[in-house]
Structures are given as structure tokens and as C-alpha cells.
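Start at 1 and go down the list; that is how both ligands and their atoms are numbered.
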Amino acid sequence: MILPIRLFGDPSLREPTHRVAHMNERLETLIADMIDTMHNANGIGLAAPQVGRSERVFVVDIRPLLESMPDREIAGVPHQPMVFINPAITVESEEEEEYEEGCLSIPDILEDVVRPSMVRIEYLDGSFTPRQLEVGDLLARVIQHEYDHLEGVLFLDRISAFRRQMLKRKLRDIARGETAAEYPTEVNIAA
Ligand code: NI
């Protein structure tokens, strides 16, 4: 089922998430719906708070990016889509790189964001099997962006105050529901 994606201004994007205790039907449904919702929006990642849920879960599918990736990067990419339950980033490289990011919850805004170029992440996959992954390049970028969502952090928090100021009007329009997206969206303003 395709779920509406919560937009910038919606409190669910800033609320804390909770670890998942075990796999059950409700979690299975959430994961399947998140993958459908991500694919429908042509996204490459989606985190539970973006559909108004507080589980520590995100999904990733970087296949749309693979065409533009050099062979050496594709070689190490795990089977897509990927499911991350209760993830923890345990190692971040000191080396950082800048890359342009967007977010399904912040339509029509792309900004350069600096992040560690490699991370190690520990998580449970969609079968609730413990996994550990060391990644770089675009997959590391997407994973860090989605992980941030579980911490209530948006990529806008990682750009300069000057850039944020420049985006003020666009962000206000998004929060008011005045920015059209090509997928179902929803914005709930905190009372
Ligand atoms: Ni995002």
C-alpha cells in the first residue's frame, strides 16, 4: 500500500524513534508499504518517520542510481532493496565528502551536504537477521541520510545557516502544503 509521505513541518519528522523488539505482521506490513511508497515516489530511501511511524526502520533501493555509477562501485552493492531495522552506525571515516542531497519529505530542494565518505552499520535485515556492512560512495550517503531521519535529523540541519535562510520561503511553502509533489503527501502542523 502506498502511504502519504510526511512533509517538512510535520512533527513526526522530528520525533524520536523506538527500537523494534521482534518481527510481527504489523512490522512486515510497514516494511512492505515503505518499499511500495519509496518506489512509487521514485525515491532511493525512506525512513519510518516519513510515513508517520516511530519504529527504527528504513528502506533503501539505490537501483535508480546504479546506471550512473562506475563498475567498481556497483561491484560491492548488496541486493536491493535493503531493509534496516534497529540500525546503529558504529564507525564513520574521518574522510568526508560533499554530495548533493534531496529528500522525499522536502520536495524540490537539493543542497550539498558534507558527510563521512564511509561508514560501518550494524542492523537487522528484513528477515530479522543481524548484519554488518561497511559501505562507501553513494550507498553510504543514502544510508546516512536515512539514519538521520531515525534521529529526527534532516539534511537541512547539516547545511549552513546562510543556505537555510535562502530556502526559508520554499520551506514555508512546503510546510503549508503549497508545494506540489508527484506522490501522495501529507503535512500535519504541530498545534
Ligand atoms: Ni530524506
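- Near the Ni ion (ligand 1), less than 2.8 Å away, sit the protein N, O or S atoms Cys103 SG, His145 NE2, His149 NE2.
- A side-chain donor-acceptor contact under 3.5 Å links Arg56 and Thr17.
- His39 meets the ring pair (Phe, Tyr, Trp, His ring centres under 6.0 Å) test with no other residue; sequence neighbours excluded.
- Using the six-membered ring where Trp is involved, Phe84 and Tyr123 have ring planes that are tilted, between 30° and 60° apart.
- Taking the side chain to side chain donor-acceptor pair (under 3.5 Å) definition, one finds that Gln144 meets it with nothing, sequence neighbours left out.
- Scanning for side chain to side chain donor-acceptor pair (under 3.5 Å) contacts around Arg172 gives an empty result, with sequence neighbours left out.
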#### Entry: Evaluation steps, side-chain contact (heavy atoms from CB on, under 4.5 Å), between Phe155 and Glu111
CA-CA 8 Å; Phe155 77 89; Glu111 288 288 323; 3.8 Å; yes
